[in-house]
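This report concerns only the one structure given below.
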Amino acid sequence: MDRGTERDTPAGPGAGHGSVMEATEPGRVPLAVVLVDREGLVSHWSTGARRLFGVPKDEAIGRAALDLLPVSGALPEDQGTSPYGAHDGLGPGLGPSLDGGLSYPAAGRARLTAPGSDRVDVLWWAYPLVGPGPERLLVLAVDADGLRTGDTDGPFERIAPGFALHTDFPGSEDLARRLPEILPSMSVGESARIVAQVLELGYPVLEFSQNDRVPVTPDWGVARRAERKARRERAARALAAGEPVPEELRDEGEDLEYAAVRERLEFLNEVSGRIGTSLDLSRTILEVSRAVVPRFTDVAGTYLREQVVAGEGFPEGVPDTTTLWHRVAVEHTDEPGRWDDVVPVGEAMPFPAHTPFFQCMTTGEPVLVPRISEEMGHAIAAQFEKRDIRPLITGRSMLIVPLKARQVVLGFMILLRHPERPVFNDMDRVTGAELAARAGLVLDNARMYTFQENVAETLQDSMLPHIPPRMAGCDIATRYLPGTLLGRVGGDWFDAVKLPGGRTAFVVGDVMGHGLNSAAMMGQLRTAVQTMAGLDLPPAQLLRNLDDLAQRLGDTYLATCLYAVYDPIASELRLANAGHIPPVLVRAEDGRSELLDLPTGAPIGVGGVPFEAVRVRVEPGDRLVMCTDGLVEVRGEDIGVGLVALCASAAHPAASMDDACDTIIRSLNTCGGRKDDVALLMARLNGIEPDDVAEWRLALDPAEAGRARAVVREQLHDWGLAKLAAPAELMVSELVTNAVRHAHARPVELRLVRGDTLLCEVDDDDHELPTLLGTGPLDDVGRGLRVVSTLSREWGTSRTKAGKTVWFELTLPRR
């Protein structure tokens with residue numbers, strides 16, 4: 001487009017024709033630009049409009065568009081062949097497009113009939129606008145005479161508005177860049193809104209050239225001269241019926257067939273390019289809906305089967321009257337909100353057997369209804385309880401197309417055209433079926449991706465533990481990040497296991513490789529670690545046993561693992577490492593962070609390599625940071641750089657544990673070169689104060705059960721937990737009685753720990769773990785653990801070096 005539309009040229013109809021040609025470069029089209037509001041009044045009148053129509057801007061703004069655009073009819077029959085091609089009669093008058101009924105793009109050629117002026121032929125384009133703004137119609141017009149090259153017999157370049165996406169005449173400009181220049185009085189936001197709507201149409205409205213002399217818009221965009229229209233309709237009917245085209249219509253029929261096929265292929269190719277840009281199911285659904293409105297239809301409602309929406313497996317069986325169909329999108333050109341209350345997105349409903357929708361979903365074939373009659377409208381409306389849909393559908397043309405993949409109907413689209421628009425025909429049925437087939441494949445790809453994502457997420461969630469944020473003497477926060485969006489499962493894991501004596505075991509591991517195999521290996525190793533941790537094995541011995549297990553499972557089982565045991569009463573960590581990156585300890589006293597110097601050891605599965613454990617003293621408030629190498633390792637860089645960055649980010653002050661984890665992730669996970677999974681575990685080691693721990697040694701005497709009840713009652717009163725005294729006494733009595741009965745030589749040890757819960761532990765030197773048994777009315781044993789199981793918040797047993805521990809917890813009363 002040429003910015004000559006804004007040049008100051010002489011006013012008056014047809015004025016300055018010579019100057020237009022002199023100022024216009026070949027291939028550039030100076031335009032008149034007019035905006036019409038919802039009342040039919042002019043809201044914008046460009047300088048080009050003043051030059052072409054002869055009305056100053058201050059007189060045009062606010063006046064009826066019909067009064068200012070005095071055009072009538074198509075070019076007369078005696079005009080002959082024009083230099084713009086053989087289609088003299090293309091296009092109705094511009095006037096009918098300004099009466100408020102236009103709901104789809106239109107274009108034409110008309111004659112300017114202002115009195116006292118030379119006759120001026122005008123090419124015009126009209127585009128309806130929707131949205132919150134007041135504008136209803138954008139009209140572009142050009143003096144056709146200004147398109148002459150000076151040689152009426154010479155070739156002519158294609159003529160179309162510059163925003164036609166695949167128009168290739170020299171000098172074509174991008175409307176998104178040029179329209180704000182043509183409409184300087186408008187705000188940037190308003191210009192951008194109009195540009196977006198016009199570009200959404202994405203179709204050249206008229207096309208003339210020496211070789212291509214047919215319109216490339218759909219039939220509903222440009223009317224034809226009555227005589228040629230009648231001849232082509234006769235040829236089209238013959239083609240649709242599979243009959244030979246009569247000789248007198250053969251050229252016209254071949255021309256129509258060529259134009260129609262080309263139009264169809266162009267439309268389908270463009271739609272194919274606009275859908276499937278994402279594997280996100282919701283976005284794909286919107287792309288499919290918006291690809292056909294308003295080009296092919298005025299309303300598009302998309303319905304999908306329940307399993308497809310849920311991202312589940314492929315739906316089985318032929319749909320029936322009980323099948324639920326979810327309305328996932330409704331796109332239309334009606335006024336905003338008109339469809340929202342009657343057919344809201346998200347609603348699920350079945351369809352009765354007598355409806356055309358049921359016919360489409362069961363046969364998998366398109367269903368064409370040329371016009372929805374009053375009777376059919378009433379039948380369809382009966383499915384919508386307390387909502388009258390008839391005004392929205394009656395009198396419209398309807399095409400229902402199935403969305404299929406692998407011969408299974410995933411859903412369908414209901415396409416409706418406005419009553420004033422030509423009805424769907426057989427060519428539209430074929431086009432709609434092809435469109436639906438392509439959309440079905442795209443939707444199925446998105447569905448399968450969503451299904452795989454759900455499977456991966458479910459598997460990963462089942463593999464990774466749900467660790468409570470608080471355990472005895474410590475606060476915990478964790479993070480897991482998949483290495484890639486397409487590989488949501490991997491071999492990285494973390495864990496926290498409750499141990500006797502108020503201790504907690506922290507684990508971070510990394511199985512070599514990615515994907516489901518690594519995840520399966522990780523699940524086996526993690527389960528083994530949990531089991532051995534429950535046996536209270538020392539860290540080095542646990543890694544030794546895990547290495548033996550990995551070798552028995554197979555040669556492919558290789559993993560790194562870091563295992564740490566925190567004792568909040570003794571304020572110490574015991575750690576052992578199997579080829580893993582070292583942990584970071586952040587000191588609460590001065591905020592200093594350090595990598596703990598541990599014997600590295602070989603990865604799990606190598607075999608024959610000893611593991612060593614170290615003890616590290618900690619203070620309340622210190623933080624332990626354990627992670628996998630995916631967080632600190634970048635391909636092509638030394639891992640030491642990442643470890644230094646880990647120390648620096650771990651030492652950064654944070655308001656909470658979650659904030660501290662997020663700070664580390666943000667600091668280290670910004671490089672695009674990171675493709676590995678990331679597991680991060682952070683624990684704040686709060687410790688347990690000596691005043692919150694009480695211990696007693698009890699002789700192997702049945703009478704000690706009474707003493708145990710007394711000391712527990714007294715201690716709980718001292719701690720202000722008198723409400724827990726009765727159940728605690730009863731359960732302690734049962735556990736001490738059992739311990740005294742089964743112990744061999746060592747005294748029984750009783751311990752109370754006050755933390756987030758009340759923990760009670762009873763130790764003895766018998767290695768056989770008690771089990772919960774069913775008891776009958778006459779049984780005299782087995783009732784103790786049943787009492788503990790009933791009254792406690794949680795209870796358990798574990799082996800120790802010296803024997804076993806039986807423990808229970810009680811919830812602290814609210815203060």
Side-chain angles (χ1 to χ4, degrees), residues 103-105 128-131 165 196-203 218 220 267-306 308-309 311 325-349 351 356-357 360-361 366-368 389 392-393 396-405 409-418 421 424 428-429 431-447 449-450:
S103 58
Y104 48 85
L129 302 174
V130 296
L165 298 185
Q197 291 187 34
V198 175
L199 287 178
E200 184 70 17
L201 300 172
Y203 215 91
W220 59 87
F267 173 65
L268 290 174
N269 287 336
E270 183 180 334
V271 169
S272 298
R274 295 177 59 186
I275 65 178
T277 63
S278 168
L279 287 174
D280 179 78
L281 185 60
S282 300
R283 179 175 173 181
T284 301
I285 291 169
L286 289 177
E287 287 177 346
V288 172
S289 300
R290 292 173 178 174
V292 296
V293 177
R295 289 274 306 284
F296 187 68
T297 185
D298 300 303
V299 181
T302 306
Y303 291 75
L304 295 179
R305 292 178 74 164
E306 192 170 21
V308 179
V309 176
W325 300 87
H326 288 252
R327 189 181 303 110
V328 293
V330 176
E331 195 75 16
H332 60 86
T333 59
D334 292 348
E335 58 268 21
R338 186 181 182 192
W339 289 77
D340 295 350
D341 295 334
V342 181
V343 285
V345 172
E347 182 181 36
M349 59 190 303
F351 287 93
F357 317 112
C360 174
M361 70 181 72
V367 176
L368 174 61
I389 196 176
L392 295 176
I393 63 174
R396 298 197 182 194
S397 182
M398 180 170 66
L399 179 63
I400 309 168
V401 292
L403 300 170
K404 296 190 298 184
V409 177
L410 304 177
F412 58 90
M413 295 184 72
I414 303 174
L415 310 177
L416 299 171
R417 283 184 183 168
H418 289 301
R421 194 166 175 174
F424 288 111
D428 294 324
R429 185 206 302 263
T431 303
E434 178 66 20
L435 166 68
R438 300 186 188 192
L441 290 176
V442 171
L443 285 171
D444 190 47
N445 287 338
R447 180 201 63 80
Y449 177 74
T450 302

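Treat the numbers as computed from the prediction; the structure is a model and nothing was measured.
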Shortest non-hydrogen contact between [X] and [Y], atoms and distance:
X: Ser289; Y: Thr302; value: OG-OG1, 3.1 Å
X: Leu399; Y: Gly432; value: CD2-CA, 4.3 Å
X: Val330; Y: Val343; value: CG2-O, 3.9 Å
X: Val345; Y: Val328; value: CG1-O, 3.5 Å

Starting from the C-alpha separation in whole Å, work towards a yes-or-no answer on side chain to side chain contact (heavy atoms under 4.5 Å, CB included) for Leu435 and Val401. CA-CA 9 Å; Leu435 166 68; Val401 292; 5.9 Å; no

Within a strict 4.5 Å, meaning less than it, do heavy atoms of the [X] and [Y] side chains meet?
X: Arg305; Y: Leu410; value: no
X: His326; Y: Glu347; value: no
X: Ile393; Y: Met398; value: no
X: Val342; Y: Leu392; value: yes
X: Glu331; Y: Thr297; value: no
X: Met413; Y: Leu403; value: yes
X: Pro366; Y: Pro402; value: yes
X: Met349; Y: Arg327; value: yes

Spatial distance of atom [atom1] ([X]) from atom [atom2] ([Y]) [nearest 0.5 Å]:
X: Cys360; Y: Lys404; atom1: SG; atom2: NZ; answer: 9.0 Å
X: Glu306; Y: Leu304; atom1: CD; atom2: CG; answer: 11.5 Å
X: Asp340; Y: His332; atom1: CG; atom2: NE2; answer: 5.5 Å

**Asked** Are Asp334 and Arg396 close enough, and set up right, to give a salt bridge (Lys or Arg N to Asp or Glu O under 4.0 Å), and what steps lead you there?
**Response** CA-CA 13 Å; Asp334 292 348; Arg396 298 197 182 194; 3.1 Å; yes

Ion pair present between Asp428 and Arg421, side-chain N to carboxylate O less than 4.0 angstrom? no

Has Arg417 got a side-chain atom pairing as donor or acceptor with Phe296's backbone, closer than 3.5 angstrom?
yes

Tell me if a side-chain donor or acceptor on Arg429 pairs with a main-chain N or O of Phe424 at a distance below 3.5 Å.
no

Fit a plane to each ring of Tyr303 and Phe351, take the angle between them on a 0 to 90° scale, and name the class: parallel (under 30°), tilted (30 to 60°) or perpendicular (over 60°).
perpendicular

